[in-house]
Structure formats: structure tokens, C-alpha cells
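A, B, ... follow the sequence lines: proteins, then strands. Residue 1 opens every chain.
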Number of protein chains: 2
Amino acid sequence: MLQNHLQLTCNTMSTHTHLSAAESLITAQGGRVTRTRVAVLEILLAADQSLTHDEIGLALAEQGIKHDRVTLYRTLDWLVESGVAHKMAGDDRARRFGVAASGPHEHAHFHCDRCGKVVCLEGLQPAVAVNLPGGYQLDRAELVLHGACPTCGKGA
Amino acid sequence: MLQNHLQLTCNTMSTHTHLSAAESLITAQGGRVTRTRVAVLEILLAADQSLTHDEIGLALAEQGIKHDRVTLYRTLDWLVESGVAHKMAGDDRARRFGVAASGPHEHAHFHCDRCGKVVCLEGLQPAVAVNLPGGYQLDRAELVLHGACPTCGKGA
DNA sequence: GTGGTTTTGCAACATAGTAGCATTTGTGCC
DNA sequence: GGCACAAATGCTACTATGTTGCAAAACCAC
């Protein structure tokens, strides 16, 4: 899980010009580098799976970063809008967020039906664009695979 | 308030042995044939797209069928549990429901990003089961295509 | 440091879905 | 047809998720 080392990631005022990956991404999008944005993005970058708003909020709290529920929603929305993160709807009614590491919208997700975890499968590209009925214009395809993740599969 | 036309759509007690498709489906699942279930299922059968809980409730009201929000949730849940209908999460936070006409879980959906409509594409089968990382067990694949439906595409 | 704009935090609201329980309604049986 | 019993409904209240408006604070350029 996430450590709570409290390692004072607030280096926006430091004399070093050292920029973390998160900070670079944010400035590249023309946004201001704020405590919340950096922390949220770092959490997403460090995570190997999609996280819900709630999970991210919890991680923020563990790092001692004070934040508001609404701010987190807006931060996540901004990240999605900027193309840095992507949003996806699961079977439960909570949306999950992850960093869009590869192409803009071209990767599949795996949803574990037992533990509810969602991971990104970068290597998979759905072979669609096939027999779509006439008149439909395809923008992007979203592929969600359901089943058991390695952890849950072993237990069975 | 609700009209009191009370047009007695109750044909479960009629002398005919005429059973609608909806009624047959319900009894086949070992469920009771109730006003709400028959009406909901007929609405879903008649629809050429997935409907939200809200849209179904509206359709029920238009037919003068008194119902409760909670009952509708439970009815839909029962239909999904019985395998008669299927549930899918869209980009908005409302779940959509449709009848599972073909196989149990093996068809794709098309989501129109302009009008929000969701239709079932029975003919499409995602060609997955490919390079899934080791340890993952695949149960089913859910493919959602995003783009413009024929109606919205023409306008562009 | 100062000023101006972006973000945040707060409170209140809105929507989607769930839980418990008393009442009603289908259904099998006589 | 009438009865009994379980399933389904309807009601109220509640939780969870997400949104809006606005004043205060933080960020960044100068």
C-alpha cells in the first residue's frame, strides 16, 4: 500500500530547478503547479491500477495533504481534460482514474470481478473497426475485460 | 398526480392462454408475472437501445403504470440477475439496461458521444483472448465503441 | 513584495442507488 | 371461487457520488 513517509514533496519553492515527472506534465499542459495536482498526479503515476476518487483522496490524506472533496473532483477533471489522465466507468457507480501512459485512448482495461481492481493493459489493442453497421462513425473503442486477476485467481 | 384511467391492462387473469413474450420470459426464469415486470420487460424488448432507469420509469408512467423508484431498481436487478437483461455503465454515472437478446455476455455496444444513445451491436464479437498477461483469467469481454450514430453523424 | 488570475475550500444542492419493513399481490392448492 | 404463504411492492429514510456558486487563498509574472 501507500507509505506515509511524509517526505515533503513540496519542492515548488525549492532553490533547485529539479522538476518531478508530475510537475513537468502539469506545466506542459499550461496549468499551475499546485500541491494537490502534483500529489494526485504522483499517486496516479505510482499506481499500477486505476483508482477511484475515494482511493485517491485517502492516499492524499495519508500523505498529510489537506484537501477538499470538490477540489479533488476538479483536479481529476482537469487532468482528464488535459489528456494526462483518463476516466472510466466501472460496474459500480464510481468512476476510476488512471494516467494515460500510452496513446490517447487506445488501451484496454482489465476488471477483476472479485476484488474490483482495474488495471490498464497497455499491450492490448482491440481488433475492431470491423463490420460496424452503416452510418456509424467510430471515434475510439473501449475494451474492458472481466475475470480474475492473478492474485484472486490463485486463491480459487 | 397520476391519472386514474385504470385501463385494466391486467391480462394475467384473462381466459385466453395468450402469453406475451415478456410473460414467457419471466415465467421461464421462475419469477412471478407482475404488472411492473411485464411492463418493464416489454419496454426493454421494444427499445432498440439501452435505457436508463430514469427513461424506463418515464415510459412506465406514460403507460399509466404506477410504480416506485425502488421497485424499478429491484425489477431491473432481478432481470439482470436472471440473465434476461444486461446492465452496463456509461460515461455518465447512470447505468443503462437492455435485453440480452443474443448470447449471455458476448456483444458490443455503441455509445454515441453526441446524443448519448447506446445501442447493442449483436453482430460484433471482439477478437480478444489474445496476449493477456500471465495469471489473468478472462471471463468475458465488454467492448464499447464511441463515436457518432447515424442520426448525429448526418448532421455533422 | 505586489497584483491579477487560477485554484482551493466551504456549504449547499443534485442525482443515483440501497436498506428495512409493513402492506399488497401472485400463485399453488383445496 | 376462496385460502395461505411467499414473493414483490411501496414507503420512508439513508448512503454514495458528483456538481454549483462564491469568497478566500495560493500560484506565478513582474
Side-chain angles (χ1 to χ4, degrees), chain A residues 9-14 17 19 22-23 26-41 50-58 60-61 65-82 87-97 116, chain B residues 1-2 6 8-15 17 19 22-23 26-41 50-58 60-61 65-82 84 87-97 116:
Chain A
T9 54
C10 175
N11 42 11
T12 58
M13 304 297 286
S14 84
T17 47
L19 283 183
E23 289 168 355
I26 292 170
T27 44
Q29 299 303 325
R32 288 189 178 172
V33 178
T34 67
R35 222 181 7 156
T36 314
R37 275 187 190 165
V38 175
V40 168
L41 194 43
S50 299
L51 300 173
T52 62
H53 164 274
D54 213 47
E55 290 165 340
I56 298 169
L58 197 64
L60 279 180
I65 295 179
K66 179 195 168 198
H67 69 285
D68 185 72
R69 226 163 49 88
V70 180
T71 301
L72 184 47
Y73 276 116
R74 288 197 272 233
T75 302
L76 289 168
D77 279 347
W78 181 83
L79 287 173
V80 171
E81 224 172 89
S82 308
K87 178 168 67 174
M88 56 161 308
D91 273 356
D92 46 359
R93 81 190 113 137
R95 300 174 190 170
R96 287 168 177 276
F97 298 85
Chain B
M1 288 291 281
L2 291 166
L6 287 200
L8 276 269
T9 54
C10 174
N11 46 6
T12 58
M13 304 297 285
S14 82
T15 49
T17 46
L19 282 184
E23 289 170 353
I26 293 170
T27 42
Q29 299 303 324
R32 290 187 178 173
V33 178
T34 67
R35 220 179 10 155
T36 314
R37 273 187 190 165
V38 174
V40 168
L41 195 42
S50 299
L51 301 172
T52 61
H53 164 274
D54 214 46
E55 291 165 340
I56 298 169
L58 197 65
L60 279 181
I65 296 180
K66 180 194 168 198
H67 69 286
D68 185 72
R69 224 164 51 87
V70 181
T71 301
L72 184 47
Y73 276 115
R74 287 196 271 234
T75 302
L76 289 169
D77 279 347
W78 182 82
L79 286 173
V80 171
E81 223 173 274
S82 307
V84 177
K87 179 168 65 175
M88 54 163 310
D91 273 356
D92 47 357
R93 82 191 113 136
R95 300 175 189 168
R96 288 170 176 276
F97 298 85

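- Protein atom CD of B:Gln29 is 16 Å distant from nucleotide atom C1' of D:dA7, rounded to whole Å.
- Taking every heavy atom of both residues into account, A:Gln29 and A:Ser82 meet most closely at OE1-O, 3.2 Å.
- Distance check: B:Ile26 CD1 to B:Arg32 CZ gives 13.0 Å after rounding to the nearest 0.5 Å.
- The separation between B:Leu72 atom CG and C:dA19 atom P is 16 Å, rounded to whole Å.
- Contact detail for B:Gly57 and B:His67: the closest heavy-atom pair is O-CE1, 3.3 Å.
- Every residue meeting the side-chain contact (heavy atoms from CB on, under 4.5 Å) condition with A:Arg95, not counting sequence neighbours, appears here in chain and number order: A:Lys87, A:Phe97, B:Arg93.
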Would you tabulate the nitrogen or oxygen pairs shorter than 3.5 Å linking the protein to nucleotides 28-30 of chain C?
none

Determine all donor-acceptor pairs shorter than 3.5 Å in which one atom belongs to a side chain in residues 68-78 of chain A; sequence neighbours excluded.
residue : atom : partner : partner atom : Å
A:Asp68 : OD2  : A:Val70 : N            : 2.9
A:Thr75 : OG1  : A:Thr71 : O            : 2.7

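- Terminal axes of the helix from C:dG1-D:dC30 to C:dC30-D:dG1 (five pairs each, C1' rotation axis) are separated by 40°, to the nearest 10°.
- Atom CD1 of B:Ile65 is separated from atom P of D:dA8 by 17 Å (rounded to the nearest Å).
- A pairwise comparison of heavy atoms in A:Glu23 and A:Val33 identifies CG-CG1, 3.8 Å as the closest pair.
- With sequence neighbours excluded, the residues that form a side-chain contact (heavy atoms from CB on, under 4.5 Å) with B:Glu55 are B:Leu51, B:Thr52, B:Arg96.
- Side chain of B:Arg35 to main chain of B:Ile65: no donor-acceptor pair is present (N/O by atom type, distance under 3.5 Å, no hydrogens or angles).
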Pick out the pairs of N or O atoms, protein on one side and nucleotides 14-16 of chain C on the other, that lie under 3.5 Å.
residue : atom : partner : partner atom : Å
C:dT15  : O2   : B:Arg93 : NH1          : 3.2
C:dA16  : N3   : A:Arg93 : NH1          : 3.2

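- Regarding A:Leu76, its CG atom lies at a distance of 13 Å from the C1' atom of D:dT17, rounded to whole Å.
- Separating the CD1 atom of B:Ile26 from the C1' atom of C:dT25 is a distance of 14 Å, rounded to the nearest angstrom.
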Determine, for nucleotides 5-11 of chain C in 5'-to-3' order, which nucleotides have protein heavy atoms under 4.0 Å from the base (write B), from only the sugar-phosphate (write S), or from neither (write -).
-> BBSBBBB
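- Taking the side-chain contact (heavy atoms from CB on, under 4.5 Å) definition, one finds that A:Ala22 meets it with A:Ser20, A:Val38, A:Leu41, A:Glu42, A:Leu45, sequence neighbours left out.
- In this structure, the CD atom of A:Glu55 is 15 Å from the P atom of D:dA16, given to the nearest Å.
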